[in-house]
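Take a look at the structure set out below.
What's counted below: heavy atoms across the whole structure, side chains too, no hydrogens, waters or symmetry copies. Counting starts at 1 for both ligands and their atoms, in listed order.
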Amino acid sequence: MTFGRFFLPGPTEVRREVLEAMLRPMMPHRGRDFETLFERLQTGLRAVFRTARPVLVSSSSATGLMEAAIRCAPDGPVLALVNGAFAERFAQIARACGRETNVLETPWGEVAPLDRVERRLAARRYAAVTVVHSETSTGALTDVRALTALARRHGALCLVDSVTGVAGAPLEFDAWELDFVLTGSQKALALPPGLALGVASEAYMRGVRERAPAGRGLYFDLVEFEAFALKHQTPNTPALPLLYALDVQLQTILAEGMEARWARHAAMAQATVAWAESAGAGPGLGVLAPVGARSPTVTALTLPERLQGGAIVAALAERGWTIGNGYGKLRDRTIRIGHMGDHSVDGVRGCLGALEEVVG
Ligand SMILES: *Cc1c(COP(=O)(O)O)cnc(C)c1O
C-alpha cells in the first residue's frame with residue numbers, strides 16, 4: 001500500500017520505515033544498550049513535549065496514563081470538563097478510581113468557557129481538573145495553558161489529555177507551566193498503538209511523594225515511572241518493538257522541527273475547513289467546532305439531512321480512502337477526518353477530492 005490514503009483520527013497511518021524498525025531483535029531491558037536507547041528517546045521526547053522533565057513511557061494505550069494521572073493526583077474531588085466522548089471517559093475514570101467527580105458539561109463541539117470554569121472552582125476546593133486538549137470526538141481544541149493557570153489560582157492541578165494534541169497542536173509543557181500531560185503513540189506521533197507517553201511537573205510529583213494518594217496502585221504509580229526513567233529504564237518490561245519504532249520516528253520529527261510540524265498540521269486543518277466551506281462540498285456541510293477552538297489534527301464535519309455518515313465513509317472506502325465515522329452520540333450526523341501525523345496538505349486535498357465526489 002502506498003502511504004497517504006488513511007485519514008482515520010487514530011490509529012493514524014504509519015510509514016513503512018517506522019513499521020520496519022519493529023523487526024529489530026529483542027534486547028535485555030536491564031542493560032547498557034537499552035539505557036542508551038532510552039536516553040536517546042528521552043532527548044527526542046523532551047523536544048516533543050517541550051520540557052526538561054523526564055518523559056514517562058508506559059506500555060499501555062493512552063487510557064493507562066489517564067488512569068495514572070487520576071490515581072496519583074492528590075486526594076480530593078475532581079472537576080471534569082466534559083465536551084465530548086474522551087472528556088467523558090476522563091470523568092468515568094475518575095469515578096471508577098473512587099474520586100468524587102463533579103462534571104462541568106459543555107455542548108459537544110464547544111469548549112468550556114473559562115468564566116464558567118472559574119465559577120465552579122471558586123465554589124469548591126478541587127484536587128484536580130480534567131480536560132481534553134484536542135477532543136477527538138468533535139475536533140474542539142481547548143486552551144490548556146489558560147485553564148492550567150486558572151486551576152492553579154484555585155489550588156487545583158490540571159490533568160491534560162493531549163492524545164491528539166501532542167506532536168500536532170502547539171503545546172509547551174515547561175513554558176506553559178502545565179501539571180500533567182499525556183498522549184498515545186497512535187495519533188499525531190504516527191506510530192502503531194500501544195505506548196502512552198506523559199510528563200508530570202515537579203509540583204505534581206512532589207504531591208504524589210509527600211501525600212501518597214490512597215489507592216494509587218502499583219502498575220500506574222508515577223513515582224515508579226519517574227524513578228526508573230531517571231535510570232534510563234522502565235519499571236516493567238517495555239514494548240520494545242514500539243520503542244524501536246519511536247526511535248526512528250523521533251529522528252524524523254526532530255529533523256522536521258516542532259514549529260514546522262505544528263505549521264503543517266495547521267495547514268492541513270485549514271485546507272479541510274476551506275474545502276468544507278467551498279461550493280464543492282455542497283450545501284449544508286459544516287465544521288462542528290467553532291472558529292477559534294478548532295483542533296489542527298482532527299476535524300468533525302457536520303452533515304446536512306440528505307447525507308448519512310456511515311454511507312459516506314463506506315463510499316470512500318470503496319474508492320480506497322479511509323476517514324472516521326462520527327463518534328458516540330455524533331455517529332450518524334458527523335464524519336471525522338484525521339489530518340495528523342505524517343500526512344501532507346496535498347495528501348489531505350486528495351482525500352477531500354475523493355470526499356467531494358461522494359458528497360458534492
Ligand atoms: C484516542 C484517544 C484516547 C484513548 O486512547 P487509547 O490509546 O485508545 O487508550 C483518549 N483521549 C483522546 C483525546 C483520544 O483521541
- Query: Hey, are R15 and T252 close enough side-chain-wise for a donor-acceptor pair under 3.5 Å?
  - Reply: yes
Hey, can you pull the donor-acceptor pairs under 3.5 Å for the side chains in residues 227-241, sequence neighbours left out?
residue : atom : partner : partner atom : Å
Q233    : OE1  : R30     : NH1          : 2.7
Q233    : NE2  : E35     : OE2          : 2.8
T234    : OG1  : N236    : O            : 2.8

Taking distance alone, no hydrogens or angles, what donor-acceptor pairs closer than 3.5 Å link side-chain atoms of residues 265-275 to residues at least two apart or in another chain?
residue : atom : partner : partner atom : Å
H265    : ND1  : R261    : O            : 2.9
H265    : NE2  : G341    : N            : 3.0
T272    : OG1  : M268    : O            : 2.9
W275    : NE1  : E356    : OE1          : 2.6

- Item | Partner residues of E224 under the salt bridge (charged side-chain N to carboxylate O under 4.0 Å, His left out) criterion, sequence neighbours left out | none
- Over 60° means perpendicular and under 30° means parallel, so classify the ring planes of H133 and W176, tilted if in between. perpendicular
- Message: Can you confirm if the NZ or CZ of R5 lies within 45° of the ring axis of F7 and under 6.0 Å from the centre of its six-membered ring?
- Response: no
- Message: Can you list every protein residue that has a heavy atom under 4.0 Å from any atom of ligand 1, sorted by chain and residue number?
- Response: S61, A62, T63, M66, F86, R89, V132, S134, T136, D161, V163, T164, Q186, K187
